[in-house]
Undergrad: 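Would you mind keeping the following structure in view while I ask a few things?
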Amino acid sequence: MSTTSSTFVATDGEGYERLMGRWSRLLALPFLDFTGTADGDRILDVGCGTGHLAFAVARRTGAGEVRGVDLAQPYIEHARHHNEDARIAFEVADACALPYAAQSFDRVLSLLVLHFVPEPGKAIAEMRRVAKPGAVVAAAVWDVRGGWVSNRMFFDTAAMLDPEAGARRARNYTRPMTRPGELAKAWREAGFKGVEETTLTIRMEFASFADYWGPYEGRDGPGAEYVATLDDDARGRLREAVQAAYLDGEADGPRSYAALAWAVKGRAPA
Ligand SMILES: C[S@@+](CC[C@H](N)C(=O)[O-])C[C@H]1O[C@@H](n2cnc3c(N)ncnc32)[C@H](O)[C@@H]1O
């Protein structure tokens, strides 16, 4: 994986599924309600990960063609392995240097990616370049600071135990494109027409604390990246403190946390 075009640690497709794929699959639905779909479209999923947006848009769209690109080879392999639709193809590519001709897609979509691109303006310019005139170009990112309860529980707890976690929390909650209005501003500056921003909501349903905590002991995403730096004692202390936040003094079992994403759409200019 290129380290210059992505700040997301991407190692293991199955690990990503437990961390995020199970939620991006849910978020893809209101995102597509917002972007709209049309039969026969040629669609690009930028930063497709393990492919949930590409799969969801193909399910909604008759005929047409879907391309998914991501920097992470393991995610692309996972997506290919689970793809049963001949209209969808996945390839490794950088959002900042898309391997497609100008004006070649009817819809250019990106789910939970732009906050992990250090220079998101480059990716947005590429999304505009490959969009046909009038094409819908849309993106969503988590409202990491204000709208993601389960992630807050982890980073707020970790920051109380370790200043390094506090520094990581600050980086995590000030990622590009995650402040109110930031996506819409970037879309207008990129020249898109009829720009609209909205908030999308899903609920993250965990079966138990083990289900919630497991991905933090994995190898993908910012939380696991931090946990991997801890020795066994520090990891145990963190796990115990986060568990207390999860349990709220009640028995272990299911918990449901709201998660909000910012979404933007506009039309590529003629
Ligand atoms: C949180 S995941 C989202 C994946 C997928 N869109 C989803 O919703 O499940 C972020 C993804 O962005 C990808 N990514 C980050 N920067 C990228 C870039 N410059 N080009 C392509 N993919 C990128 C990462 O490899 C990772 O798969």
Side-chain angles (χ1 to χ4, degrees), residues 1-32 34-35 43-58 66-80 82-83 88 90-100 107-127 129-130 137-144 147-148 150-151 172 175-178 183 186 200 202 204 215-216 218-225 259-264:
M1 182 185 84
S2 160
T3 50
T4 52
S5 282
S6 173
T7 54
F8 187 85
V9 178
T11 309
D12 165 27
E14 271 309 301
Y16 179 77
E17 285 298 290
R18 287 188 293 277
L19 169 75
M20 187 51 61
R22 54 179 165 166
W23 312 127
S24 67
R25 176 189 308 176
L26 300 183
L27 186 62
L29 306 181
F31 182 57
L32 291 176
F34 175 64
T35 68
I43 299 155
L44 178 61
D45 176 1
V46 178
C48 61
T50 51
H52 289 299
L53 179 62
F55 295 141
V57 75
V66 182
R67 294 283 170 271
V69 295
D70 199 286
L71 272 182
Q73 178 84 36
Y75 293 1
I76 291 295
E77 280 167 13
H78 191 280
R80 283 178 180 154
H82 289 85
N83 181 24
I88 309 176
F90 294 104
E91 59 184 312
V92 174
D94 187 346
C96 300
L98 292 170
Y100 302 109
R107 222 164 279 266
V108 181
L109 310 176
S110 182
L111 187 63
L112 306 178
V113 178
L114 291 178
H115 48 335
F116 292 115
V117 180
E119 295 181 276
K122 286 189 179 172
I124 296 166
E126 278 293 87
M127 292 172 73
R129 182 184 67 78
V130 301
V137 179
V141 297
W142 289 123
D143 175 5
V144 277
W148 187 0
S150 62
N151 192 264
N172 214 45
R175 291 190 187 280
M177 300 293 121
T178 62
L183 275 176
L200 308 176
I202 64 159
M204 295 184 169
Y216 292 114
R219 296 186 294 158
D220 296 72
E225 190 182 12
L260 277 61
W262 302 115
V264 69

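Please read all numbers here as calculations on a predicted model, not as lab measurements. Both ligands and their constituent atoms are indexed starting at 1 by order of listing.
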Undergrad: Nearest 0.5 angstrom please: Leu53 CG to Asp45 CG, how far?
TA: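 Going from the CG atom of Leu53 to the CG atom of Asp45 covers 4.0 Å.
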
Undergrad: Please classify the Cys48 to ligand 1 contact at 4.0 Å (heavy-atom distances, strictly less than): side chain, backbone, both or neither.
TA: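 The answer is the backbone of Cys48.
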
Undergrad: Once you restrict to heavy atoms under 4.0 Å, what part of Ala28 touches ligand 1? Side chain, backbone, both or neither.
TA: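 Neither part.
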
Undergrad: So which bit of Leu71 gets within less than 4.0 Å of ligand 1, heavy atoms only: side chain, backbone, both or neither?
TA: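 Contact part for Leu71 vs ligand 1: both backbone and side chain.
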
Undergrad: I need the atoms of ligand 1 closer than 4.0 Å to a non-hydrogen atom of Tyr75, numbered in the order shown.
TA: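 Here the atoms of ligand 1 in question are 27 (O).
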
Undergrad: Is Arg25 paired with Glu17 through a side-chain N to carboxylate O contact shorter than 4.0 Å?
TA: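 Salt bridge: yes.
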
Undergrad: Going by the angle between their ring planes, with limits at 30° and 60°, are His78 and His82 parallel, tilted or perpendicular?
TA: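 Rings of His78 and His82: parallel, under 30°.
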
Undergrad: Could you work out, with side-chain hydrogen bond (donor to acceptor under 3.5 Å, both in side chains) as the rule, every residue matching Thr178, not counting sequence neighbours?
TA: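 Thr178 satisfies side-chain hydrogen bond (donor to acceptor under 3.5 Å, both in side chains) with no other residue.
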
Undergrad: Using heavy atoms and a 4.0 Å limit, tell me yes or no: is Gly221 in contact with ligand 1?
TA: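 Flag not set, Gly221 not near ligand 1.
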
Undergrad: Do Thr35 and Leu109 make a side-chain contact, defined as non-hydrogen atoms from C-beta onward lying under 4.5 Å apart?
TA: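 They are in side-chain contact.
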
Undergrad: If hydrogens are left out, which of Asp45, Asp70, Val92 has an atom nearest to atom 25 (O) of ligand 1, that is, the closest non-hydrogen atom?
TA: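 Considering heavy atoms of Asp45, Asp70, Val92, the nearest to atom 25 (O) of ligand 1 sits in Asp70.
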
Undergrad: Name each donor-acceptor pair under 3.5 Å that joins a side chain in residues 114-126 to protein atoms two or more places apart or in another chain, with its distance.
TA:
from: Glu119; atom 1: OE1; to: Lys122; atom 2: NZ; distance (Å): 3.1
from: Glu126; atom 1: OE1; to: Arg129; atom 2: NE; distance (Å): 2.7
from: Glu126; atom 1: OE2; to: Leu98; atom 2: N; distance (Å): 2.7
from: Glu126; atom 1: OE2; to: Arg129; atom 2: NH2; distance (Å): 3.1

Undergrad: Could you pull out, from Ser6, Ser5, Gly21, the option with a heavy atom nearest to atom 15 (C) of ligand 1?
TA: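 Selected option, by shortest heavy-atom distance: Ser6.
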
Undergrad: Any heavy-atom pair between the side chains of Pro222 and Asn172 that's under 4.5 Å?
TA: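 They are in side-chain contact.
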
Undergrad: If the cut-off is 4.0 Å to any non-hydrogen atom of Val117, which atoms of ligand 1 fall inside it?
TA: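 Under 4.0 Å from Val117, ligand 1 has these atoms: 16 (N).
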
Undergrad: Could you tell me whether Leu111 and ligand 1 have an N or O pair separated by under 3.5 Å?
TA: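 Yes, there is a polar N/O contact under 3.5 Å.
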
Undergrad: When rounded to the nearest 0.5 angstrom, what is the spacing between CD1 in Ile76 and CZ in Phe90?
TA: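 Between atom CD1 of Ile76 and atom CZ of Phe90 there are 7.0 Å.
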
Undergrad: Numbering the atoms of ligand 1 from 1, which are under 4.0 Å from a heavy atom of Leu112?
TA: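 Answer, ordered by atom number: 1 (C), 2 (S), 3 (C), 8 (O), 10 (C).
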
Undergrad: Would you check whether Val69 has a nitrogen or oxygen atom less than 3.5 angstrom from a nitrogen or oxygen atom of ligand 1?
TA: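 No - when backbone and side-chain N and O of Val69 are compared with those of ligand 1, no distance drops under 3.5 Å.
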
Undergrad: Among the heavy atoms of Asp94, does any lie under 4.0 Å from an atom of ligand 1?
TA: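 It does, in that a heavy atom of Asp94 comes within the 4.0 Å cut-off of ligand 1.
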
Undergrad: Just wondering, do Phe31 and Leu200 contact through their side chains at under 4.5 Å, heavy atoms?
TA: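 Yes; the side chains approach each other to less than 4.5 Å.
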
Undergrad: Would you check the N or O atoms of Gly47, main chain and side chain alike, for any that come under 3.5 Å of an N or O of ligand 1?
TA: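 Yes; at least one N/O pair falls below 3.5 Å.
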
Undergrad: Distance under 4.0 Å to a non-hydrogen atom of Ser24: what atoms of ligand 1 satisfy this?
TA: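 With Ser24 as reference, the close atoms of ligand 1 come out as 7 (C), 8 (O), 9 (O).
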
Undergrad: If you round to the nearest 0.5 Å, how far is CG of Asp220 from CD of Glu225?
TA: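 Going from the CD atom of Glu225 to the CG atom of Asp220 covers 10.5 Å.
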
Undergrad: Just jot down the ligand 1 atoms closer than 4.0 angstrom to any heavy atom of Ala93, in number order.
TA: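 This gives 20 (N), 21 (C) as the contact atoms.
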
